[in-house]
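Each remark here refers to the structure printed beneath this line.
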There are 2 protein chains.
Amino acid sequence: MTVTELLRSKGFRITALRTELLTLLQRSDRALTQAEVEQQLRVDVDRATVFRALNAFEEAGLAHRVLDGSGTSCFAACAGDCDEGHHKDAHAHFHCRKCGSVFCLPSVELPKVKVPRGFRMEQSQLELQGTCKACT
Amino acid sequence: MTVTELLRSKGFRITALRTELLTLLQRSDRALTQAEVEQQLRVDVDRATVFRALNAFEEAGLAHRVLDGSGTSCFAACAGDCDEGHHKDAHAHFHCRKCGSVFCLPSVELPKVKVPRGFRMEQSQLELQGTCKACT
DNA sequence: AGCATTATTGCAACTCAATTGCCTTTACTC
DNA sequence: GAGTAAAGGCAATTGAGTTGCAATAATGCT
């Protein structure tokens, strides 16, 4: 599916920003913060606009959100089969301590865990920290 | 080891705040945000002071930091065998979606994962989301 | 193509946690 | 008890995240 088709299939309108934004996320091999997104976008947009677009993408299942080590949100395009509000990207994320980048590791699967009696688990994330390929 | 001995063993001075703070963290069954810590402390202290104390504890291996779902830091006392800068608390954390609490789950062990060639893993966290015992 | 409808955007203001500089206070050492 | 360095208080700042509202533009319909 093209970016345009993807956007349309979720009921979004086709605007310069949203097209560029989704393309950018798809082409990146790592998750980007909003600040990074703003720098890399060719179009000149307001922070609030990017903010709302990213949130809309997440809710629609076009992108998923990861918290980097310091608590800032990073976004990456979803593999493809995510639904509204339900992300099935069951993979780990790697945070580089040197450059701060967040990588998606589709090869690392999430473990099945048992939570204590009374708790009901709905989702899980596996976060790894270390040094990335480029920084080694 | 008593709280005082613990503090002294890490080279800290014995102050009212730091004693109370470490005691509070040890007695809590869940990780606390700085705001929660400030509310629960009997002594009246500045935010910056609590901030520095928590960071110092983390660096010294007395407490570990967990990010709650929204990016805020939570702190919990370490089990005991953590070193300066190297936390060995290999357990998962549970974030309740209703009350926002963060629980340590010592019973859930972290999986051994293989990272791609070129990456060097140093640490990992397993974060679970759902509904906690009290909120069910 | 023209028009109405409604999503999207820009602007501005605001929240809140996190953070820092600087000066004062105080716990610890000798 | 005096000196020293850590710890604390105060004030100001950063930066991400949010929101309301009015202006703009994409889409559907005729």
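The basis for the numbers below is simple: all heavy atoms, side chains too, and nothing from hydrogens, waters or symmetry mates. Here is how names work: the chains are called A, B, and so on, in the same order as the sequence lines, proteins then strands, and each is numbered from 1.
- The interatomic distance linking Asn55(A) (CG) with dT9(C) (C1') rounds to 15 Å, in whole Å.
- Going from atom NZ of Lys10(B) over to atom P of dC28(C) covers 18 Å, rounded to whole Å.
- Closest to the side chain of Thr49(A), from the set dT9(C), dG9(D), dA17(C), is dT9(C).
- For the side-chain contact (heavy atoms from CB on, under 4.5 Å) test, residues two or more places apart in sequence or in another chain that qualify with Val45(B) are Leu17(B), Leu41(B), Val50(B).
- No donor-acceptor distance shorter than 3.5 angstrom exists from the side chain of Ser28(A) to the backbone of Leu24(A), with no hydrogens or angles considered.
- One interatomic measurement links the two molecules: CG of Asp46(A) to C1' of dA7(C), which rounds to 16 Å at whole-angstrom precision.
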Listed pairs, N/O of protein and of nucleotides 21-27 of chain D, under 3.5 Å:
| unit_1 | atom_1 | unit_2 | atom_2 | d |
| --- | --- | --- | --- | --- |
| dA26(D) | N3 | Arg13(A) | NH1 | 3.0 |
| dT27(D) | OP1 | Ile14(A) | N | 2.9 |

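- Computed from C1' positions of five pairs at each end, the angle between the two local axes of the helix from dA1(C)-dT30(D) to dC30(C)-dG1(D) equals 40°, rounded to 10 degrees.
- Judged by distance alone, the side chain of Gln34(A) and the main-chain N or O of Arg47(A) form a donor-acceptor pair under 3.5 Å.
- Rounding to whole angstrom units, CG of residue Leu7(B) and P of dC28(C) are separated by 10 Å.
- Glu59(B) has its CD atom 12 Å from the P atom of dA7(D), to the nearest Å.
- If you run side chain to side chain donor-acceptor pair (under 3.5 Å) between His64(B) and each of Gln125(B), Glu58(B), His93(B), only His93(B) comes through.
- Residue Cys104(A) comes nearest to Pro106(A) through the heavy atom pair O-CD, 3.2 Å, listed as atom of the first residue, atom of the second, then distance.
- In this structure, Ala56(B) reaches neither bases nor backbone, as no heavy-atom distance under 4.0 Å exists between it and the strands shown.
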Residues 70-77 of chain B, side-chain donor-acceptor partners within the protein, below 3.5 Å, at least two apart:
| unit_1 | atom_1 | unit_2 | atom_2 | d |
| --- | --- | --- | --- | --- |
| Ser70(B) | OG | Asp68(B) | OD1 | 3.1 |
| Ser70(B) | OG | Asp68(B) | OD2 | 3.3 |
| Ser73(B) | OG | Arg65(B) | NH1 | 2.9 |

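- Put simply, CZ on Phe51(A) is 16 Å from C1' on dC11(C), counting in whole angstrom units.
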Give me, pair by pair, the N or O atoms of the protein and of nucleotides 14-16 of chain C that are less than 3.5 Å apart, along with how far apart they are.
none

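- Residue Gln26(A) places its CD atom among more than 12 non-hydrogen atoms of other residues, nucleotides or ligands, all under 6.0 Å distant.
- If you check every strand for non-hydrogen atoms under 4.0 Å, Ala53(A) touches nothing.
- Looking only at side-chain heavy atoms (C-beta outward), Phe94(A) and Thr131(A) stay at 4.5 Å or farther from each other.
- The nearest whole Å value for the distance from the CD atom in Gln34(B) to the P atom in dG8(D) is 13 Å.
- Side-chain atoms of Leu17(A) lie closest to dT9(C) of the nucleotides dG9(D), dT9(C), dA16(D).
- Thr33(B) comes within 4.0 angstrom of no nucleic acid atom, judged by non-hydrogen atoms across all strands.
- Backbone-only contact: Asp44(A) has heavy atoms under 4.0 Å from sugar-phosphate atoms and none from a base.
- Of all the heavy atoms in Arg18(A) and Phe12(A), the pair that sits closest is NH1-CD2, 3.4 Å.
- Nearest heavy atom pair, residue Leu105(B) against residue Pro116(A), reads CD2-CG, 3.7 Å.
- Minimum atom distance to the side chain of Ser73(A) is reached by dG17(D), of the listed dG17(D), dT9(C), dG8(D).
- Other residues sharing a hydrophobic cluster with Val66(B) under the 4.5 Å side-chain heavy-atom criterion for ILVMFWY residues are Val102(B).
- Residue Ser70(B) is out of contact with every strand shown, counting any heavy-atom pair closer than 4.0 Å.
- Here the closest heavy-atom approach between residue Arg30(A) and residue Phe103(A) is recorded as CB-CD2, 3.9 Å.
- Straight-line distance from the CD atom of Glu20(A) to the C1' atom of dT8(C): 16 Å, rounded to whole Å.
- In the set dA11(D), dA16(D), dT9(C), dA16(D) carries the atom at the smallest distance from any side-chain atom of Ala35(A).
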